[in-house]
J.: 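This is the structure, below, for whatever I ask next.
In the text below, chain A, chain B and the rest are named by the order of the sequence lines, each starting its count at 1.
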Protein chains: 2
Amino acid sequence: MSSSENRDKLIRTASRLFRSKGYAGVGLKEILEAADLPKGSLYYHFPGGKVELADAATRWAGDWVAAMLGQCFDQAASFKEGGVRACEALAAAAEPQSCVPACPVVSILQATPSEPALRKTAQEIYDMWTAGLARQAERFGVDDPQQAALSLHMRLQGAWILAYAQQSGAAFHHLAAELRKETVG
Amino acid sequence: MSSSENRDKLIRTASRLFRSKGYAGVGLKEILEAADLPKGSLYYHFPGGKVELADAATRWAGDWVAAMLGQCFDQAASFKEGGVRACEALAAAAEPQSCVPACPVVSILQATPSEPALRKTAQEIYDMWTAGLARQAERFGVDDPQQAALSLHMRLQGAWILAYAQQSGAAFHHLAAELRKETVG
DNA sequence: CACACATTAGACCATTTGGTCTATAAACGA
DNA sequence: TCGTTTATAGACCAAATGGTCTAATGTGTG
């Protein structure tokens with residue numbers, strides 16, 4: 001029976017729940033009920049238990065975000081436009097949901113003091129995103145690509161927190177409008 | 001015996017722990033042990049239990065941040081300088097700690113799906129901060145004070161998340177440097 | 001001293017937590 | 001068909017969870 005099918009279902013379900021209520025706010029019971037799978041499946045696919053599942057779920061969502069950012073910038077004619085497109089994509093991803101999900105990394109961040117393994121994961125995903133943005137900035141000939149990438153990442157994170165708090169994509173649209181108004185580098 | 005003394009100790013202890021590990025990541029046992037107080041004290045001062053304590057702790061920390069922002073801008077000669085000072089103040093507050101604490105609002109945000117009372121608190125604190133920043137922007141004659149306030153708040157939130165993730169004040173310093181370089185409004 | 005009130009102290013409870021373990025069932029090659 | 005592997009199924013466990021409740025202990029006032 002397709003090994004990876006239920007494994008993926010666990011990852012997707014866990015990612016959704018963790019991003020809604022945070023690592024510590026979700027119990028295995030809730031994940032298993034939502035995925036309609038028994039505990040045995042979880043510990044077969046993830047012998048490391050909750051931490052390993054959260055790690056996999058966060059990396060999966062992190063890769064998805066990275067791919068989305070890549071698409072936004074590939075379709076753009078400038079770094080600035082890429083940023084605008086990223087805002088709109090994140091807003092679009094947030095809006096149809098019944099719950100606007102938090103940044104996947106944020107959802108495990110508060111668990112890192114107790115679970116050191118997750119700290120490394122969080123840092124790696126952030127580094128991946130920033131590196132991707134820096135590559136795009138370089139491609140568009142931005143003056144200081146590293147600085148531009150960090151700056152955009154920071155603003156996206158801020159917008160994401162506010163969007164999550166307000167359960168609305170408005171913050172992303174606001175940031176998009178702001179980026180549009182800025183002088184073209 | 002000074003009623004408010006132990007009540008304050010609970011608030012301070014809870015705020016520190018919640019900001020380090022998040023609302024759901026901290027148990028009452030841990031808070032009570034850290035504050036060296038019995039459970040009876042907690043439920044005497046906060047009949048609403050964990051939620052009421054978290055609410056009080058978050059509002060207390062939220063007021064502290066608001067006051068700090070006020071001071072930064074009162075000492076500044078421009079809105080831009082106020083932003084720079086705020087970054088540096090947040091960095092300074094983060095650096096001596098053994099654990100760089102998260103934004104107090106973020107620490108309860110992930111609990112809001114299960115605890116609706118905390119959602120209102122979170123929104124009120126954010127509104128208070130933004131309103132304070134908007135007042136300052138207006139005072140300095142910034143073009144669109146509301147937009148300037150939202151924009152700065154967003155960037156501070158982003159920096160705060162990255163500072164928490166990296167357990168370092170570097171993100172705040174980075175944002176300060178970035179603000180300094182921007183054209184004076 | 002006596003009285004009322006404010007506060008502390010922690011035993012106790014039902015529920016939930018993450019995790020382990022054994023038994024079963026399906027899949028598949030020999 | 002047999003045997004092995006892969007995966008599901010869920011009973012079970014110790015520990016921790018938030019919360020309630022009753023005693024006891026101040027503490028100040030008449």
Side-chain angles (χ1 to χ4, degrees), chain A residues 1-18 20-58 107-108 110-119 121, chain B residues 1-18 20-58 107-108 110-119 121:
Chain A
M1 175 79 58
S2 51
S3 157
S4 59
E5 190 176 309
N6 285 343
R7 194 188 128 94
D8 283 2
K9 196 200 260 190
L10 281 170
I11 287 181
R12 284 193 306 269
T13 307
S15 178
R16 177 170 51 82
L17 289 172
F18 285 145
S20 161
K21 315 207 282 176
Y23 176 82
V26 183
L28 296 187
K29 191 184 163 202
E30 188 176 354
I31 298 172
L32 294 170
E33 275 169 9
D36 196 32
L37 286 168
K39 196 168 269 193
S41 295
L42 199 167
Y43 280 89
Y44 174 76
H45 293 294
F46 304 95
K50 195 183 184 186
V51 172
E52 189 180 344
L53 174 59
D55 190 275
T58 308
S107 71
I108 60 161
Q110 290 177 324
T112 57
S114 322
E115 301 292 350
L118 294 180
R119 163 152 290 140
T121 304
Chain B
M1 178 79 58
S2 53
S3 158
S4 58
E5 191 177 307
N6 284 342
R7 186 177 193 274
D8 284 0
K9 196 198 261 190
L10 282 169
I11 288 181
R12 285 193 307 269
T13 307
S15 177
R16 176 170 51 82
L17 289 172
F18 285 144
S20 161
K21 315 206 283 178
Y23 176 83
V26 183
L28 296 187
K29 192 185 162 200
E30 189 177 355
I31 297 173
L32 293 171
E33 275 168 8
D36 196 30
L37 285 169
K39 195 168 268 192
S41 294
L42 199 168
Y43 279 89
Y44 174 76
H45 294 294
F46 304 95
K50 195 183 184 185
V51 172
E52 189 181 343
L53 175 59
D55 189 276
T58 309
S107 71
I108 60 160
Q110 290 176 325
T112 58
S114 323
E115 302 291 351
L118 294 180
R119 164 153 289 141
T121 304

J.: Between A:Tyr44 and D:dA7, does any side-chain N or O lie under 4.0 Å from OP1 or OP2?
T.: yes
J.: Are B:Leu37 and B:Leu42 close enough, and set up right, to give a side chain to side chain contact (heavy atoms under 4.5 Å, CB included), and what steps lead you there?
T.: CA-CA 8 Å; B:Leu37 285 169; B:Leu42 199 168; over 6 Å; no
J.: Do any N or O atoms from the side chain of A:Thr58 and from the backbone of A:Ala54 form a donor-acceptor pair under 3.5 angstrom?
T.: yes
J.: Check the distance between C:dT8's C1' and B:Tyr43's OH and give it to me in whole angstrom.
T.: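 In whole Å, C:dT8 C1' lies 16 Å from B:Tyr43 OH.
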J.: Output the rounded distance in Å from CG (B:Leu17) to P (D:dT17).
T.: 12 Å
J.: Think A:His45 has a side-chain N or O under 4.0 angstrom from the OP1 or OP2 of D:dT6?
T.: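 No, because none of the side-chain N or O atoms of A:His45 sits under 4.0 Å from OP1 or OP2 of D:dT6.
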J.: Classify the side chain of B:Lys29 and the base of D:dG18 as holding, or not holding, a donor-acceptor pair under 3.5 Å.
T.: no
J.: Measuring to OP1 and OP2 of C:dT8, would you say a side-chain N or O of B:Ser41 lies under 4.0 angstrom away?
T.: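 Yes, within the criterion.
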J.: Take atom CZ of B:Arg7 and atom C1' of C:dA6, then tell me their distance rounded to the nearest Å.
T.: 14 Å
J.: What is the distance, rounded to the nearest whole Å, between atom CD of A:Glu115 and atom C1' of C:dT17?
T.: 13 Å
J.: Between A:Leu28 (CG) and D:dA16 (P), how many Å, whole number?
T.: 17 Å
J.: It should be established whether A:Asn6 places a side-chain nitrogen or oxygen under 4.0 Å from OP1 or OP2 of nucleotide D:dT8.
T.: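 Answer is yes, contact under 4.0 Å.
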J.: So what does B:Val26 hit on the nucleic acid, given a heavy-atom distance under 4.0 Å: a base, only sugar-phosphate, or nothing?
T.: sugar-phosphate
J.: A:Glu52 CD to C:dG18 P: how many Å, rounded?
T.: 15 Å
J.: Taking the side chain as every heavy atom from C-beta outward, state whether A:Tyr23 and B:Gln110 have any pair of such atoms under 4.5 Å apart.
T.: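 Of all side-chain heavy-atom pairs linking B:Gln110 with A:Tyr23, none is under 4.5 Å.
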J.: Rounding to an integer number of Å, can you tell me how far A:Leu32 CG sits from D:dA11 P?
T.: 14 Å
J.: Salt bridge or not between A:Lys50 and A:Glu115? Use side-chain N to carboxylate O under 4.0 Å.
T.: no
J.: Select base, sugar-phosphate, or nothing to describe what A:Gly40 touches, counting heavy atoms under 4.0 Å on all strands.
T.: base
J.: Determine whether a donor-acceptor pair (one donor, one acceptor, N or O, separation below 3.5 Å) exists between the side chain of B:Lys50 and the base of D:dG19.
T.: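 No pair found.
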